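Okay, structure first, notes after.
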There are 2 protein chains.
Amino acid sequence: MRQLPPLAAVRVFEAAARHENFTVAAGELGMTQAAVSYQIRLLEQRLGVPLFRRARRRVTLTEAGRRAGAQLAAAFDSIDAAFAVLRAEDEAVLTVSVTNTFANTWLAWRLGGFHLAHPTTAVRLWTSNALTDFAADEVDVAIRSGPGGWPGLAQHELLPLDFTPMCSPGFLAGQGGRLEPVDLLQLPLISAQDPWWAQWLREAGLDVVEARRTGMRLDSQAHEGHAAIAGQGVAMLTPFFWHNDLVAGRLVRPFAQLSSMGEAYWLVYPEARARVPKIRRFREWLIEALDRDRAAGGG
Amino acid sequence: MRQLPPLAAVRVFEAAARHENFTVAAGELGMTQAAVSYQIRLLEQRLGVPLFRRARRRVTLTEAGRRAGAQLAAAFDSIDAAFAVLRAEDEAVLTVSVTNTFANTWLAWRLGGFHLAHPTTAVRLWTSNALTDFAADEVDVAIRSGPGGWPGLAQHELLPLDFTPMCSPGFLAGQGGRLEPVDLLQLPLISAQDPWWAQWLREAGLDVVEARRTGMRLDSQAHEGHAAIAGQGVAMLTPFFWHNDLVAGRLVRPFAQLSSMGEAYWLVYPEARARVPKIRRFREWLIEALDRDRAAGGG
DNA sequence: CGCCGAGCATAAGCGTGACTTATCAGCCCG
DNA sequence: CGGGCTGATAAGTCACGCTTATGCTCGGCG
């Protein structure tokens with residue numbers, strides 16, 4: 001029966017022994033010098049043997065420490081090797097399946113921040129509006145809209161998918177500078193067949209019998225928004241995605257009413273991979289970046 | 001740069017892989033089955049790979065798990081070996097230097113409990129009234145009386161060393177059934193030269209000019225107490241040590257006054273060995289056993 | 001000679017995640 | 001069909017590993 005010391009302390013000692021320098025070891029392990037000092041002392045007290053000699057503002061290994069350190073380095077290499085085969089997959093590349101809209105209006109502009117925070121992990125964006133088959137597509141995480149509740153997937157709600165009509169300032173001026181909901185029935189609506197229109201108009205008190213089939217139909221809110229900016233009509237957009245364009249005056253939002261179909265944007269990935277480091281890092285960065293944006297007043 | 005999973009989880013997995021049984025692994029590691037299940041799941045989520053197949057009320061290793069498990073077993077053996085040389089000292093024997101008094105009146109009667117709790121650690125008692133040289137005597141821990149404050153030693157106060165006169169019931173009857181402090185000056189005092197007598201009598205309001213040199217002198221409270229039980233006179237004893245004899249009526253305590261010279265009994269050992277497992281186990285058992293005794297009303 | 005920076009030790013305080021307890025669910029067996 | 005093994009799961013607790021802040025010592029340098 002083995003009688004191992006606490007492995008956290010052992011790991012710290014191995015790093016400290018390699019460098020013969022607590023501060024450097026702390027840096028390697030991503031912790032503070034004080035923590036290293038603490039763990040080493042713990043281990044020494046447990047063994048009853050000094051592992052380092054403290055002298056003149058520096059530490060040197062004792063003979064006992066040197067021998068143990070060398071053997072531990074090999075042991076940890078072995079542990080590392082044991083798991084290396086299991087994570088044969090590329091830890092350096094994270095593949096994100098993401099809708100066109102989210103990629104264009106938000107993610108592409110922020111991804112630099114992730115790379116700054118985690119220089120060793122490259123992100124590959126895979127824009128697709130279809131639901132992801134994680135196994136087949138070699139996708140690590142997906143950003144999707146929907147009602148949530150996918151089985152076998154961990155999910156994090158990113159933002160509620162609400163919407164309101166928007167158009168270009170020029171377009172609005174052409175309509176006399178202001179609009180009532182009822183006016184929309186006469187105006188060119190971008191992707192008018194989208195159920196969002198019916199929902200919003202219904203909530204505005206207008207009884208819409210049938211969806212209008214006329215006008216342009218685009219397959220992504222990103223395109224719809226750009227069409228609206230170009231003055232082609234009124235688009236039903238999610239304010240969060242168009243915050244910058246609203247602030248910059250490229251888009252205006254004639255109505256306060258904000259509707260929703262109960263959907264949201266989600267970050268999802270297989271539950272079984274919830275703690276894969278690259279996935280965890282991306283999740284934490286994404287949620288924090290969104291929080292920051294919300295605190296700053298929108299997208 | 002290595003990218004190791006949390007080592008606590010790795011250690012649990014190694015044991016679980018060896019047994020292919022979470023409950024048994026939990027037993028080996030001294031934790032609950034729930035904890036093992038938790039750690040395995042953590043590890044699997046981190047690797048993104050199932051290590052066990054759950055089927056029919058039992059777990060079997062997956063191929064990935066089997067390979068990793070085998071390699072980990074070797075790695076932990078290596079870690080164990082790295083420290084084995086350092087703890088060349090005998091983990092199976094704990095040497096306790098202890099005063100005659102404490103050994104006879106308390107420790108010897110309780111030691112069985114320690115052995116029950118820790119069957120693999122044998123305790124060797126080394127009774128000696130001299131202060132211990134831990135290095136020279138190959139003593140692990142010492143139980144000593146004194147004022148405390150030894151440099152380089154960790155210390156735990158066990159009990160205050162207070163004292164009061166005691167004698168046998170027969171002896172007391174021979175004196176008319178009750179005593180006043182002043183009577184003591186005429187009676188045979190056991191180890192009358194002991195400064196405890198002067199201290200107690202002074203606190204009782206009697207001015208003792210010189211220590212009495214007559215009567216028997218014994219070198220240990222254990223012997224003094226037994227002499228008192230034998231009716232040889234009045235001894236100055238620590239109630240905690242003689243609780244059983246007081247309850248059983250072998251000794252009586254004529255006075256409520258309890259004096260002290262500010263000393264106490266201490267458990268001490270070198271600070272550098274504070275976390276050596278056998279020392280830690282003994283410390284925890286000893287302090288708990290004393291607490292239990294105190295809760296039960298004395299030694 | 002005195003100041004500063006590098007390096008480790010130490011104290012205090014905090015947050016979290018590794019545990020425990022309790023319960024449920026599946027399966028085997030008598 | 002119930003009892004006795006398994007493991008999974010949920011909730012709640014507590015230890016302890018970590019951070020922050022500070023002190024100390026030593027060496028280098030102007």
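Everything numeric in this text was worked out from a predicted model, so none of it was measured. Below, read A as the first sequence line, B as the second, and so on, with proteins coming before strands; counting in each chain starts at 1.
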- Message: Once salt bridge (Lys or Arg N to Asp or Glu O under 4.0 Å) is applied, what residue pairs with a partner in residues 34-47 of chain A remain, sequence neighbours excluded?
- Response: A/E44-A/R54
- Note on the structure: Those residues at least two apart in sequence (or on a different chain) that pass side chain to side chain donor-acceptor pair (under 3.5 Å) with A/Y265 are A/T99
- Note on the structure: Those residues at least two apart in sequence (or on a different chain) that pass side chain to side chain donor-acceptor pair (under 3.5 Å) with B/R11 are none
- Query: Taking only residues at least two apart or on different chains, which pairs with a member in residues 69-78 of chain B satisfy salt bridge (Lys or Arg N to Asp or Glu O under 4.0 Å)?
  - Reply: A/R2-B/D77
- Message: What's A/V59 touching, base or sugar-phosphate or nothing? Going by heavy atoms closer than 4.0 Å.
- Response: sugar-phosphate
- Residues in salt bridge (Lys or Arg N to Asp or Glu O under 4.0 Å) contact with A/E157, at least two apart in sequence or another chain: none
- At under 4.0 Å between heavy atoms, which parts of nucleotides 14-19 of chain C does protein reach? Answer with one letter per nucleotide, 5' to 3': B base, S sugar-phosphate only, - none. ---SBS
- Which nucleotide span of DNA chain D, 5' end to 3' end, has atoms closer than 4.0 Å to non-hydrogen atoms of chain A? D/dC16 to D/dG27
- Query: Which residues satisfy the ring-ring contact (aromatic ring centres under 6.0 Å, His included) test with B/F282, sequence neighbours excluded?
  - Reply: B/F114, B/W285
- Message: Below the 4.0 Å mark, does C/dG7 have OP1 or OP2 next to a side-chain nitrogen or oxygen of A/T23?
- Response: no
- From CH2 (B/W106) to CG (B/L158), nearest 0.5 Å: 8.5 Å
- Sequence neighbours left out, what passes ring-ring contact (aromatic ring centres under 6.0 Å, His included) with B/H156? Give chain and number order. B/Y269
- Just to confirm, is there a sub-4.0 Å distance from OP1 or OP2 of C/dA9 to any side-chain nitrogen or oxygen of A/R54? yes
- Nearest-nucleotide 5' precedence on DNA chain D, B/N21 against A/V36: B/N21
- Applied to residues 60-81 of chain A, the ring pair (Phe, Tyr, Trp, His ring centres under 6.0 Å) test, sequence neighbours excluded, yields none
- Could you write nucleotides 22-30 of chain C as a row of B, S and -, 5' to 3', where a protein heavy atom under 4.0 Å of any base atom gives B, of only sugar-phosphate atoms gives S, and otherwise -? B---BBS--
- Query: Which residue pairs pass the ring pair (Phe, Tyr, Trp, His ring centres under 6.0 Å) test when at least one of the two sits in residues 9-35 of chain A, sequence neighbours left out?
  - Reply: A/F13-A/F52, A/F22-A/F52
